[in-house]
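Since this is a predicted model, take the numbers as computed values, not measurements.
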Amino acid sequence: MTAGGRGELALALVLAAVAGFVDAVGFLELGNLFVSFMSGNSTQLGLALAQTDWKTATLPAVIIATFLLGVVIGRLLVVVAGGWCRAVVLIVEALLLVLSLLPTVALHVAVLLMTFAMGLQNTAMHQAAGRKVSLTFMTGMLVRVGEKLSEAILGGSFKDVVLESLMWFGFILGAVIGALGFATYGRLALAAPVGCLALAGLICCLPSRVAAD
């Protein structure tokens with residue numbers, strides 16, 4: 001693996017951990033909804049609609065729409081920013097999380113800011129070290145782990161299994177740290193992923209990184 005590939009993989013792992021961290025904080029704030037896992041929110045929406053519970057259906061529907069809007073805006077930023085796209089997306093994401101951790105911001109507004117940030121993050125990168133990566137949802141990564149494991153059983157390399165598994169472990173690690181941080185600091189725990197994103201964004205501003213992007 002080249003130095004550039006290692007750098008991309010490291011960034012992808014950091015972003016997966018950020019997603020796990022933010023998702024844990026959002027879930028603990030809301031109790032049963034997520035800010036990055038839209039499959040779970042879609043199930044909650046479906047259950048509420050089946051029971052014609054329009055009030056309960058409103059929040060997951062708004063969260064899903066906000067996530068989608070984050071992806072759309074993120075993609076537009078990528079197109080407009082060109083070689084600076086990754087740095088711009090990460091710094092904007094960090095700013096959104098800064099707003100969400102302010103004590104003066106209402107809970108549901110903070111959750112929507114976190115959700116928008118997670119949608120935005122998905123546009124930061126799609127591949128790392130030549131491998132497709134998912135930055136905020138792990139189902140696709142687990143499918144690829146299973147596929148690589150079956151290939152390894154048939155004579156392929158277990159190295160690929162390890163590399164594909166790293167993203168999932170990164171997400172889980174982030175969720176663990178996020179839950180522990182929330183238990184101690186509440187929403188202010190989001191200062192940790194803000195710092196990670198700001199640092200990653202600044203690194204992506206380096207001339208060599210801009211050229212690579």
Side-chain angles (χ1 to χ4, degrees), residues 7-27 33-42 45 59-102 105 108-141 144 167 170-171 174-175 178 190-206 209-213:
E8 288 183 346
L9 183 58
L11 176 59
L13 289 171
V14 168
L15 294 182
V18 165
F21 191 115
V22 176
D23 209 28
V25 171
F27 182 85
L33 292 171
F34 304 88
V35 297
S36 77
F37 180 53
M38 293 303 113
S39 295
N41 292 338
S42 297
L45 175 60
L59 185 55
V62 172
I63 287 176
I64 292 167
T66 302
F67 183 88
L68 180 61
L69 180 62
V71 175
V72 172
I73 298 301
R75 181 57 186 164
L76 292 175
L77 285 175
V78 167
V79 173
V80 172
W84 295 90
C85 61
R86 192 171 290 172
V88 170
V89 167
L90 296 180
I91 291 172
V92 171
E93 182 185 356
L95 292 174
L96 288 167
L97 292 182
V98 167
L99 292 175
S100 72
L101 64 79
L102 296 177
V105 175
H108 284 171
V109 174
V111 167
L112 293 180
L113 287 169
M114 286 187 272
T115 303
F116 190 93
M118 290 296 95
L120 197 74
Q121 178 172 295
N122 279 284
T123 65
M125 62 190 308
H126 300 289
Q127 285 194 332
R131 290 174 168 78
K132 187 176 180 181
V133 294
S134 302
L135 298 180
T136 66
F137 52 95
M138 293 297 111
T139 303
M141 292 304 299
R144 287 192 285 278
M167 295 294 293
F171 187 92
L190 290 172
V194 166
C196 291
L197 290 167
L199 179 60
L202 290 174
I203 291 173
C204 289
C205 287
L206 296 175
R209 299 308 307 160
V210 172
D213 292 342

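Of the inter-residue distances, the one linking Phe21 atom CZ with Leu97 atom CG reads 10.0 Å to the nearest 0.5 angstrom. If you take CE on Met118 and CD on Glu93, they are separated by 4.5 Å, rounding to the nearest 0.5 Å. The CG atom of Leu33 sits 9.0 Å away from the OG1 atom of Thr115 when rounded to the nearest 0.5 Å.
For the pair Gly74 and Val89, the tightest heavy-atom approach, listed with the atom from each and the gap, is O-CG2, 4.2 Å. Closest approach of Leu101 to Ala191, counting heavy atoms only: CD2-N, 3.6 Å. Between Ala94 and Ala198, the shortest heavy-atom distance links the atoms CB-N, 4.2 Å. Scanning all heavy atoms of the two residues, the minimum distance from Gly119 to Val71 falls at O-CG2, 3.4 Å. Taking each heavy atom of Gly201 and Ala87 in turn, the nearest pair found is O-CB, 3.5 Å. Nearest heavy atoms, Val25 versus Gly178: CG2-O, 3.9 Å.
For the pairing with Leu197, the side chain to side chain contact (heavy atoms under 4.5 Å, CB included) check across Ile91, Leu15, Leu95 returns one residue only, Leu15.
For the pair Arg86/Leu11, a side-chain contact is recorded, criterion being any heavy-atom separation below 4.5 Å from C-beta on. A heavy-atom distance below 4.5 Å is not found between the side chains of Ser42 and Phe37. In this structure, the side chains of Leu190 and Met114 come closer than 4.5 Å at one or more pairs of heavy atoms. In this structure the side chain of Phe116 reaches within 4.5 angstrom of the side chain of Ile73, judged on heavy atoms. Using a 4.5 Å heavy-atom cutoff, the side chains of Leu77 and Leu120 are in contact. At least one side-chain heavy atom of His108 sits under 4.5 Å from a side-chain heavy atom of Leu59. Taking 4.5 Å as the limit, some side-chain heavy atom of Gln121 sits within range of a side-chain heavy atom of Val18. Here the side chains of Cys196 and Leu199 are not in contact, with every heavy-atom distance at 4.5 Å or above.
For the pair Asp23 (side chain) and Val35 (backbone), a donor-acceptor distance under 3.5 Å is present. Panel note: side chain Asn41, backbone Ile64; no donor-acceptor pair is recorded below 3.5 Å.
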- Task: For the pair Phe27 and Ser36, evaluate side-chain contact (heavy atoms from CB on, under 4.5 Å) and give the outcome as yes or no after the intermediate values.
- Result: CA-CA 10 Å; Phe27 182 85; Ser36 77; over 6 Å; no

*Start with the C-alpha distance between Ile63 and Met38, add both sets of side-chain angles, then the distance that settles side-chain contact (heavy atoms from CB on, under 4.5 Å), and finish with yes or no.*
CA-CA 8 Å; Ile63 287 176; Met38 293 303 113; 4.0 Å; yes

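Take Ser100 and apply the side chain to side chain donor-acceptor pair (under 3.5 Å) test, not counting sequence neighbours, and it matches no residue. Under the rule for a side-chain contact (heavy atoms from CB on, under 4.5 Å), Leu68 has no partner lying at least two apart in sequence or in another chain.
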